[in-house]
Every structure is written in C-alpha cells, then in structure tokens.
Amino acid sequence: MTDEAANVFADPTAYADEPRLHAAMTYLRAHNPVAYVDKAPYRPFYAITKHADIMDIERDNNLWLSEPRPVLVTAVADDFARSQLESGAGLRTLIHMDDPHHKKVRAIGQDWFRPNALRELQVQVDALAKRYVDKMVEIGPECDFVEDIAIHFPLYVILSLLGLPEEDFPRMHQLTQEMFGADDKEYQRGATLEERMATLLDFFNYFSTLTASRRANPTGDLASAIANGRIDGEPLSDVDTASYYVIVASAGHDTTKDAISGGLRALIENPGELDRLRREPDLIGTAVEEMIRWTTPVKEFMRTAAADTTVRGVPISKGESVYLAYTSANRDEEIFDDPFTFDVGRFPNRHLAFGYGVHFCLGAALARMEMRSLFSELIPRLDSIEFAGEPELAATVFVGGLKHLPIRYSLR
Ligand code: HEM
C-alpha cells in the first residue's frame, strides 16, 4: 500500500481523481509521511506529506535548496532544461534560485505586489470583475465557467499590471496553458520534448523583444521595472529578465484561475456555505482563503538537501530531493479541524497553498484581491446556480485544477 500510495505523486492522472489522491495522501500522512518514490519517468524523491515537515523544510533555506530541482519534471526534461541553461538559452526564474541571488532578484518586483501598491489597482480589478459577471449574464443561462470566465479574468489582471497590449493576451493565454498544463493532452503543443521546449522559447522571444522596448522607452508599468532592474548596479541578464516576465505572467494566471473555478465548484457542492456567504458577505475574506486551501492549485515544489540530514527520523543524503505535497499539508488533520469540510468561515486557516518562507508566493495579495473582487460581485447577483455537466480536472504534477466547469445559473 505504501508504494502504491506514494506513487500518486509520480502519476499526473492522480490529480484528476480526487478521491484516489486524497485516500493515498491520508494514508501517507498516517503511515509513511516521508515516503521514498522511485518511479519512471521521474528521478527518485522523498514525498513529504505533513504540514509541519513542509514548514520546517521551507524555513531552512540554507539546508534545503531550490537548485537544481525546483519542481518535479521527468528525468529527460530535467536534463534537457539543464543543458539549455548551460547553453545560456534556458529559463531561470525566481523559483529556481537560491539566496543571495534570489533575494536580490525578488526585490526588483516585490514593491509592485505589496498590499499598499495593489490598492491602486483595486478599482481596475473591480471593474474587470464586473465586466466578467456581466458577461456571464450575457452568455447565460449556461456557460463553461473555466473557459468563459475563470481563465480570462486573472490573465487580464496580470497582463494589465505588466503593461502588455490587450491584443497579445490570447497568445499569452495559450503559452501559459501549454507550459503549466504540459502533462495534460488537451493542453500539450506536441508530444516531443523539443515541441514542449518550443513553448518556453516562444515565451523567451516575446519577452526579449518587450525588454528591448521598455529599456528604450520606459513606461510606468511592471514590465519597465523588470527591464530596467539592477543587481549590484548591473542590469539583469537576458535570461533573468525574460524569466522574470515568464514567472509573473504564468504564475499569476493559471493558479488564480484554478482557485476561482474550484472555489465556485465548492460553493455549488456546498449550498449551505453559499447561502451563508450570501447572508454574511463579510465572510468573503475567510471564504477566499478556504477556497485557496480547498483547491491548492500549486501541487508541489521541491527542495534538494545541501548536506546529509533527516526528516522525521528518515535519513536524507546531500543531493537527494524532497517533494513538498501542499495538497496533503492542506488536509492535515493535525492542523485543520474537519479538513475535508469546506467552511467559508474557517479561522484560523494556516494553509500552505502559497508556500512558506523566502519563496512565499509573490502574488498572494493580488490573488486574494482578485478573488474577493470577483466573488463579491458574483454572489449578491446570483439567484441560482447548479452544474450543467461534470466538472473535469486536469492531469498535472505541478499546477492545475478544473479544465471544465459547466454551469446553469440565473444572475441579475
Ligand atoms: C510562488 C502559489 C498566485 C506569482 C508561489 C509558490 C506557491 C504559489 C505555492 C511557491 C512558494 C514556495 O516555494 O514556498 C500560488 C497560488 C496562487 C498564486 C495558489 C493563486 C491562488 C500568484 C499570482 C502571482 C504569483 C497572482 C502574480 C504574479 C508568484 C511568484 C512566485 C510564486 C513570482 C515565486 C516567488 C519566489 O520564488 O520568490 N506561488 N500563487 N502567484 N508566485 Fe504564486
């Protein structure tokens, strides 16, 4: 049972089958919380399923490094990405970096994501939320909430913040899906590694052009801050600059879409909680937090040991990697009362969906703001809502959630 349970982490289809996934994780938390997984096409790793252990690992960023294996990819993809990096063409984003370089690169964009700075964006985000709820009225009484609404709203917000022209948004949308949904056939550009890497190159080329333009003519947007960012007085390298755009444009998009659509699904499946939120709109803050815990759009990040160590008594050698199973941490019975109950008033809610420590999600305040804005617009206008077909989850080992959420509704 232990091997079978731990193998869910090396099986992209497991995240599309929630009962199977949660049964395996619940078993591992109780019986094998530091589980060795050795299953092709991945290199071996230890799956960490307890909330406390993930926090301990993320807290100690001198012992546990993001380099050279920040996320789970196949051994072949890993080798390919590394050779690309060595040739100067690969992607090296914040999530790949360790201190001291990480801290300096993160500082370049950080001010744009602070709650104070984001307050200036609130009016724009509220207007966008209204636009998309109006669109639901227009295309109703049925829609695929993922395809028609949830995909577009966060993308529009993040690309506006970056300062990209609206006509480029569809292209960014497609590239983001190809990159993050790379394990799901519906999203793949092609089967070969070269085809998948072509997505990365497209991103890279698009943003290299943008950098040149913002260096020549800086504007007041986030893209200009990145293009003109300096480290120790030197401009960011081409790889670091393009990678910065890629992480912001991609991490700010699919993740929030997954939390929004999974959050709506949870409200439909728990009509009592939807009614509660209608009666008590002040619960929107805790409701959004619960949607993020419930959906956990980012399934994992990885760390590699810089020295021999132990986790919960299990020896881990220098150079071996751990897989931080956020989905499991967010159902940990030791941390959450009734972890499998969706409770819009849950407080405290110490979920790890945004990670922890020095890599804590840069866009957390923005994601929360977008979700509060959209649900505050939607819920008071909603007379009824139900499924109009089966919700469908994406196969992934990294970022994912609903691919389709067919709904029927009556909206004012
Ligand atoms: C990092 C989750 C939305 C930008 C992360 C991490 C997680 C995460 C788990 C890694 C944390 C760690 O290693 O400890 C999420 C979720 C989101 C979301 C669940 C939505 C509900 C956003 C948004 C942006 C964003 C809207 C906006 C740009 C980033 C960046 C990083 C990051 C730049 C890398 C930070 C670093 O390595 O220093 N996110 N994220 N994320 N996120 Fe998010």
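Ligands are counted one by one from 1 in listed order, and the atoms in each one are counted from 1 as well.
Close N/O approach between T255 and ligand 1 is not found [any backbone or side-chain N/O within under 3.5 Å]. The shortest N or O to N or O distance between T256 and ligand 1 is not under 3.5 Å.
Given atom 31 (C) of ligand 1, the protein heavy atom at minimum distance is L362 N, 4.0 Å. Given atom 34 (C) of ligand 1, the protein heavy atom at minimum distance is I95 CG2, 3.7 Å. For atom 11 (C) of ligand 1, the closest non-hydrogen atom on the protein side is H359 O, 3.1 Å. Scanning the protein for heavy atoms near atom 10 (C) of ligand 1, the closest one is F301 CE1, 3.2 Å. At the top of the distance list for atom 19 (C) of ligand 1, counting protein heavy atoms only, stands A353 O, 3.5 Å. Closest protein heavy atom to atom 15 (C) of ligand 1: F354 CD2, 3.6 Å. Nearest protein heavy-atom neighbour of atom 26 (C) of ligand 1: G252 CA, 3.5 Å. Nearest to atom 12 (C) of ligand 1 among the protein's heavy atoms is E58 OE1, 3.4 Å.
Residue F113 approaches ligand 1 through these ligand atoms, each under 4.0 Å from one of its heavy atoms: 27 (C), 28 (C). Within the listing of ligand 1, atoms 33 (C) sit less than 4.0 angstrom from a heavy atom of I247. Counting the atoms of ligand 1 from 1 in the order shown, those under 4.0 Å from a heavy atom of V248 are 28 (C). Atom numbering of ligand 1 starts at 1 in the shown order; those under 4.0 Å from a heavy atom of G355 are 9 (C), 11 (C), 12 (C), 14 (O). For ligand 1, the atoms sitting less than 4.0 Å from at least one non-hydrogen atom of Y326 are 9 (C), 12 (C), 13 (O), 14 (O), numbered in the order shown with element in parentheses.
In terms of modelled atom types and a separation under 3.5 Å, the side chain of Y15 and the main chain of L393 share no donor-acceptor contact. At distances below 3.5 Å, not a single donor-acceptor pair connects side-chain atoms of E67 with backbone N or O atoms of M97.
Salt-bridge formation is not detected for the pair R293/E289: no Lys NZ or Arg NE/NH1/NH2 atom is positioned less than 4.0 Å from an Asp or Glu carboxylate oxygen. Salt bridge present: D134 and R381 bring a charged side-chain N and a carboxylate O closer than 4.0 Å. R276 and E273 are joined by a salt bridge, as a carboxylate oxygen and a charged side-chain nitrogen come within less than 4.0 angstrom of each other. Under 4.0 Å is where a charged nitrogen must lie from a carboxylate oxygen, and between K130 and D126 no such pair does. Under a 4.0 Å N-O distance rule, the pair R303/E58 qualifies as a salt bridge.
Remark: distances from the non-hydrogen atoms of R303 to ligand 1 include one below 4.0 Å.
Of the heavy atoms in I158, only side-chain atoms (C-beta onward) come closer than 4.0 Å to ligand 1.
The option from A367, G401, A251 that lies nearest to atom 22 (C) of ligand 1, judged by heavy atoms, is A251. For atom 35 (C) of ligand 1, the nearest non-hydrogen atom from the set K299, M55, R106, H102 comes from R106. Checking C361, A259, A364, G357 against atom 41 (N) of ligand 1, the nearest heavy atom belongs to C361.
Rounded to the nearest 0.5 Å, atoms NE2 (H359) and CG (D99) are 7.0 Å apart. The CD atom of Q122 sits 10.5 Å away from atom CD of E370, with the distance rounded to the nearest 0.5 Å.
No side-chain donor-acceptor contact under 3.5 Å links H351 and T296. For the residue pair E166/Y156, the side-chain donor-acceptor check at 3.5 Å is satisfied.
P154 is listed as a side-chain neighbour of I260, based on a closest heavy-atom distance under 4.5 Å.
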